[in-house]
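Atoms within a ligand are numbered from 1 in the order they appear, just like the ligands themselves. Position 1 is the first residue of the sequence, and the numbers go up from there.
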Amino acid sequence: MDAPMSREVKSISTERKMVQERSEAGEAPPIEYIVKESQRPADTSPLLTSPLPVVYLGQPDEAEEIKTALQSWGMFQVIDHGVPPSFLDELRDIARAFFSLPMEEKQKYSNIRDGQFGKEGYGNDEIIAEGQILDWTDRLFLLVQPEDARKLELWPTNPNSLRYVLHEYTMKTKKLVENVLKATAKSLELNEDFFVSHLGEKFPMFARFNYYPCCLKPNLVFGLKPHSDGPLITVILPDKDVEGLQVLKDGEWIKVTTSLDALIFNIGDQMEIVSNGIFKSPVHRVVTFSGKDRISIAMFCSNLPEKVIGPADELVNDMRPRMYKNLKVKDYFEVFSQRFLGGKRAIDWAQI
Ligand code: OGA
Ligand code: NI
């Protein structure tokens, strides 16, 4: 790395303290992390705790189960996913090991390059507006597929099994997502390959390792602010011991619980659009705790940026008129990113 570049990287990354550094220094969350009073986790605290619906893949009624789960929750858990629990443990251990590295080591993969925020790498959200409320989380965000588009310079070599395990997990996730999407298509009475062929072989998949450090004032901040996911579908491997994910269902926040080693599937805005609103992309959030930190690994599967998506013709009729316009995926993401940072949703931009 030449000198001017490292100077620039440093000037931005030192201005922006990582949440983990604040947490380890025993700092209470500064003002830019404090959520407006009416929206704080404590003021909208979940009264309900409920296990996510379970879908048994490959069983005769999987499509029916998926339909029921997606129409009521927008998400479900899969237990019989075939990924060995020891492998999931290894992945979670790798995530924890990465975030436990010294800051200088993690900053080698910083999402700030040449003084510019990049989508991929280790870091936080970009700050684009004054008054933007920041989330109490640090992350490592990487494009994992298509393979030839990986930016390996941002893939940590420490812990040294990270690259290999992430590659393996990508392959397993891809297979599982294809199975889930086939069942989802059947549940909408579409051709089984509808979503899979819509995505194509080279669809982008991103991995996000989320780290939510302990917070001295957990009721004043979000680990992740309320949002829906932008892509078609997301697979979440939650922390083994610490729950923190909540979903808005019928206007109430519900603490999500799952079986040990289950994978969570939730749909994103692209699915809401293509299904013509039969499935709604769920609003969810993550809360933090004073005495325990949390990790999760989310895999986001999206249509290609240049693709134009819109409601499937088969799902538009007199009874259910077209509810969303056709739009280019990358245009949607542009609107999505801006609005996400401001704590707003983008789906109304797609609505007719
Ligand atoms: C996300 C997300 C949930 C979690 O990364 O978009 O919603 O449990 N994560 O960390
Ligand atoms: Ni999410």
Distance dump, ligand 1 polar atoms to protein, N/O, under 3.5 Å:
from, atom 1, to, atom 2, distance (Å)
ligand 1, 5 (O), R208, NH2, 2.9
ligand 1, 5 (O), N210, ND2, 3.3
ligand 1, 6 (O), R208, NH2, 3.4
ligand 1, 6 (O), H227, NE2, 3.1
ligand 1, 6 (O), D229, OD1, 3.3
ligand 1, 7 (O), H227, NE2, 3.3
ligand 1, 7 (O), H284, NE2, 3.0
ligand 1, 8 (O), R294, NH1, 3.1
ligand 1, 8 (O), R294, NH2, 2.9
ligand 1, 10 (O), Y212, OH, 2.7
ligand 1, 10 (O), R294, NH1, 3.3
ligand 1, 10 (O), S296, OG, 2.6

Parallel, tilted or perpendicular for F195 and H198, by the 30°/60° rule? perpendicular

Are the aromatic ring centres of F209 and F98 under 6.0 angstrom apart?
no

Review point. Which word best sums up how the rings of F336 and Y332 line up, parallel for under 30°, tilted for 30 to 60°, or perpendicular for over 60°?
Key: tilted

Considering only distance and modelled atom types, tabulate donor-acceptor pairs under 3.5 Å from the side chains of residues 289-303, sequence neighbours left out.
from, atom 1, to, atom 2, distance (Å)
D293, OD1, R96, NH1, 3.0
D293, OD2, R96, NH1, 3.4
D293, OD2, Y211, OH, 2.6
R294, NE, V242, O, 3.1
S296, OG, N210, ND2, 3.0
S302, OG, Q270, NE2, 3.0
N303, ND2, Q270, OE1, 3.0

Which is it for Y324 and E272 under the side chain to side chain donor-acceptor pair (under 3.5 Å) test, yes or no, and what are the steps along the way?
CA-CA 9 Å; Y324 306 84; E272 177 166 336; 2.7 Å; yes

At the Ni ion (ligand 2), OD1 of D229 and NE2 of H284 open up to roughly (10° bins) 90°

Classify the side-chain pair Q39/K225 by whether it contains a donor and acceptor separated by less than 3.5 Å.
no

